[in-house]
Amino acid sequence: MTGSTAHEARTAAAKAVLKRQSIETPSWAYGNSGTRFKVFAQAGVPRTPREKLDDAAQVHAFTGAAPTVALHIPWDRVEGGPEGYAELAAYAEERGVRLGAINSNVFQDDDYKLGSVTNPDPAVRRKAVGHLLECVDIMDATGSRDLKLWFSDGTNYPGQDDLRDRQDRLAEALRTVYDRLGDDQRMVLEYKLFEPAFYATDVPDWGTSYAHCLKLGEKAQVCVDTGHHAPGTNIEFIVAFLLREGRLGAFDFNSRFYADDDLMVGAADPFQLFRILYEVRRGGGLDTDSGIAFMLDQCHNIEAKIPAIIRSVMNVQEATAKVLLVDVDALAEAQREGDVLAANGVLMDAYNTDVRPLLEDVREELGLDPDPMGAYKRSGWQERIVKERVGGEQAGWGA
Ligand code: RM4
Ligand code: MN
């Protein structure tokens with residue numbers, strides 16, 4: 001194959017992957033959020049789970065790449081038990097999207113001050129596990145595959161509680177929930193090195209998550225939230241390792257400068273996103289049957305929410321496109337020959353390619369506007385929700 005034919009073949013293959021790529025958006029990103037200092041409310045923000053789905057449908061309509069929406073319980077609680085959630089799922093489909101992962105929330109009740117599933121008080125542990133089991137009931141009703149578990153559990157002071165006992169309690173709770181999962185359901189276990197616990201968190205890193213998942217079984221997978229690492233952590237190595245072991249279940253994409261900043265993915269460090277996605281590709285994670293859930297977990301505190309989510313989806317698409325343009329044969333050859341600079345050059349060539357025209361073509365071929373940001377702006381949706389969504393209580397943390 002000549003150089004240019006090879007490039008054309010790569011471009012065609014990249015387009016095929018980009019056309020079926022899907023990125024799940026989080027219901028909470030459509031609501032108000034902020035820091036512990038202040039939440040700045042925005043006009044037009046959804047007041048109900050249905051309105052969040054209306055907004056998510058806009059993101060999908062303009063990107064063609066965000067067909068599913070993650071729920072957070074109880075932030076997205078609806079009346080009517082399982083039936084209520086089945087109705088919500090039906091509503092999502094009417095709007096052209098589907099419900100995705102169910103995110104549990106065992107971090108906002110007073111009872112959880114000293115932990116949820118690792119709390120020294122068995123009654124609190126029972127309550128937390130009860131919530132997680134309820135989330136699986138909701139998954140049954142919505143048809144969701146994944147239960148996302150993130151625990152704020154941990155301790156602030158040395159000696160506050162027994163670190164080892166807390167692991168035992170965690171293992172027991174996870175086992176109970178794991179055994180409740182249906183054949184087509186999974187749990188994805190997130191880790192985070194600190195916050196809100198400052199001394200020790202009970203699932204601080206991928207190794208802890210992985211070890212619990214291994215014991216539980218194949219339906220337990222690690223979730224990599226890109227904002228949950230110490231500065232300087234080589235996240236792409238973690239990704240490569242977990243993929244090799246068949247235990248990378250999901251991503252929570254976002255960007256960080258300092259800690260768990262939850263900024264738009266690809267905003268702080270697009271090169272890191274590229275490196276992560278390169279390992280995803282290398283490990284087969286872009287294949288149709290990879291099973292990896294690519295989700296956003298972001299908060300838009302000062303920027304307009306829907307366009308920020310559209311931008312985030314585009315950032316993931318751009319990084320993916322670059323990764324798909326890597327000349328893997330040239331890379332392998334340079335690596336075999338020990339040609340350090342050539343190998344690095346192959347990666348950098350792909351990274352430095354302007355893939356925006358390629359993505360414009362992909363969108364046009366899908367019948368979409370090549371410019372999702374502009375198309376959303378021109379659609380009038382923002383003006384409409386500002387006008388219509390008056391009164392009621394805006395969604396936000398705790399709602
Ligand atoms: C946590 C974690 C979870 C998310 C909450 C809102 O830090 O990242 O995934 O559900 O924040
Ligand atoms: Mn997360």
Side-chain angles (χ1 to χ4, degrees), residues 23-36 39 49 52 56 68-77 99-109 112 115-118 128 131-132 134-135 138-139 144 146-154 186-198 201-206 208-209 213 221-230 233 235 238-239 242 248-266 268 273 276 292-301 305 308-309 312 316 395-399:
I23 298 142
E24 183 159 310
T25 73
S27 70
W28 54 101
Y30 299 96
N32 283 326
S33 59
T35 66
R36 62 198 166 92
V39 173
K52 292 181 197 172
T68 60
V69 189
L71 298 187
H72 216 296
I73 311 294
W75 297 343
D76 295 311
R77 190 176 288 297
L99 300 182
I102 300 298
N103 288 251
S104 55
N105 181 328
V106 282
F107 51 87
Q108 283 186 311
D109 284 5
Y112 300 141
S116 64
V117 293
T118 65
H131 170 74
L132 302 180
E134 185 206 346
C135 286
I138 293 173
M139 290 161 67
S144 300
D146 292 336
L147 171 66
K148 174 120 64 69
L149 301 170
W150 174 70
F151 299 110
S152 63
D153 296 43
R186 316 185 305 174
M187 58 163 66
V188 290
L189 179 59
E190 232 177 304
Y191 56 90
K192 184 176 181 185
L193 86 158
F194 91 110
E195 199 200 20
F198 291 129
T201 52
D202 294 324
V203 191
D205 52 25
W206 70 268
T208 310
S209 174
C213 288
Q221 297 270 324
V222 180
C223 172
V224 175
D225 183 313
T226 49
H228 288 188
H229 305 84
T233 300
I235 301 175
I238 299 171
V239 167
L242 290 174
L248 180 67
F251 278 102
D252 265 6
F253 281 131
N254 53 57
S255 280
R256 54 163 277 158
F257 285 101
Y258 301 103
D260 189 23
D261 305 340
D262 280 339
L263 299 175
M264 294 185 299
V265 58
L273 181 60
I276 290 171
I292 300 177
F294 296 91
M295 307 186 253
L296 306 179
D297 178 13
Q298 305 184 157
C299 293
H300 308 292
N301 301 345
K305 295 166 200 301
I309 299 166
S312 306
V316 176
W397 292 346

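Both ligands and their constituent atoms are indexed starting at 1 by order of listing. Note that the structure is predicted; figures quoted are calculated from it, not measured.
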Inset, instruction - Determine, using heavy atoms of E195 and all atoms of ligand 1, whether some pair is separated by less than 4.0 Å. - result: no

Inset, instruction - Below 4.0 angstrom from a heavy atom of K192, which ligand 1 atoms are there? Numbered from 1 as shown, please. - result: 7 (O)

Inset, instruction - Among D225, D153, D260, find the residue that satisfies the salt bridge (Lys or Arg N to Asp or Glu O under 4.0 Å) test when tested with K192. - result: D260

Legend entry - Check: W28/D76 side-chain N/O donor and acceptor closer than 3.5 Å: no

Inset, instruction - May I ask you to check whether N254 and D261 show a side-chain donor-acceptor distance below 3.5 Å? - result: no

Inset, instruction - Run the ring-centre check on Y30 versus H300 and record whether the distance is less than 6.0 Å. - result: no

Legend entry - Enumerated ligand 1 atoms positioned under 4.0 Å from heavy atoms of D252: 9 (O)

Inset, instruction - Among all protein heavy atoms, pick out the one at the shortest distance from atom 4 (C) of ligand 1; state its residue, atom name and that distance to 0.1 Å. - result: D297 OD2, 3.4 Å

Inset, instruction - Show all protein N/O/S atoms under 2.8 Å from the Mn ion (ligand 2), or state that there are none. - result: E190 OE2, D225 OD2, D252 OD2, D297 OD2

Legend entry - 4.5 Å side-chain heavy-atom contact, H131 and I73: yes

Legend entry - Any N/O pair W28/ligand 1 closer than 3.5 Å: no

Legend entry - Note, P49 side chain near L71 side chain (heavy atom, < 4.5 Å): no

Inset, instruction - Starting from atom 9 (O) of ligand 1, find the nearest protein heavy-atom neighbour and note its residue, name and distance. - result: E190 OE1, 2.7 Å

Inset, instruction - Taking the side chain as every heavy atom from C-beta outward, state whether L242 and W206 have any atom pair closer than 4.5 Å. - result: yes

Inset, instruction - Provide the number and element of each atom of ligand 1 under 4.0 Å from a heavy atom of D225. - result: 8 (O)

Legend entry - W75, any N or O under 3.5 Å of ligand 1 N or O: no

Inset, instruction - Output yes when the distance from some N or O of ligand 1 to some N or O of W150 is under 3.5 Å, and no in every other case. - result: no

Inset, instruction - Considering heavy atoms of the protein only, find what lies nearest to atom 5 (C) of ligand 1 and give residue, atom and distance to 0.1 Å. - result: H72 NE2, 4.1 Å

Inset, instruction - Give a yes or no on whether the backbone of V69 and the side-chain of T25 come within a donor-acceptor separation of less than 3.5 Å. - result: no

Legend entry - From CA spacing to verdict: salt bridge (Lys or Arg N to Asp or Glu O under 4.0 Å), D297, K148: CA-CA 11 Å; D297 178 13; K148 174 120 64 69; 5.2 Å; no

Inset, instruction - Compare all side-chain heavy atoms of Q221 with those of I292 and state whether any distance is below 4.5 angstrom. - result: no

Inset, instruction - Looking only at protein heavy atoms, identify the closest one to atom 7 (O) of ligand 1 and say how far it is in Å. - result: D260 OD2, 3.3 Å

Inset, instruction - Look at the rings of F251 and F294 and say which category their plane angle falls in: under 30° parallel, 30 to 60° tilted, over 60° perpendicular. - result: parallel

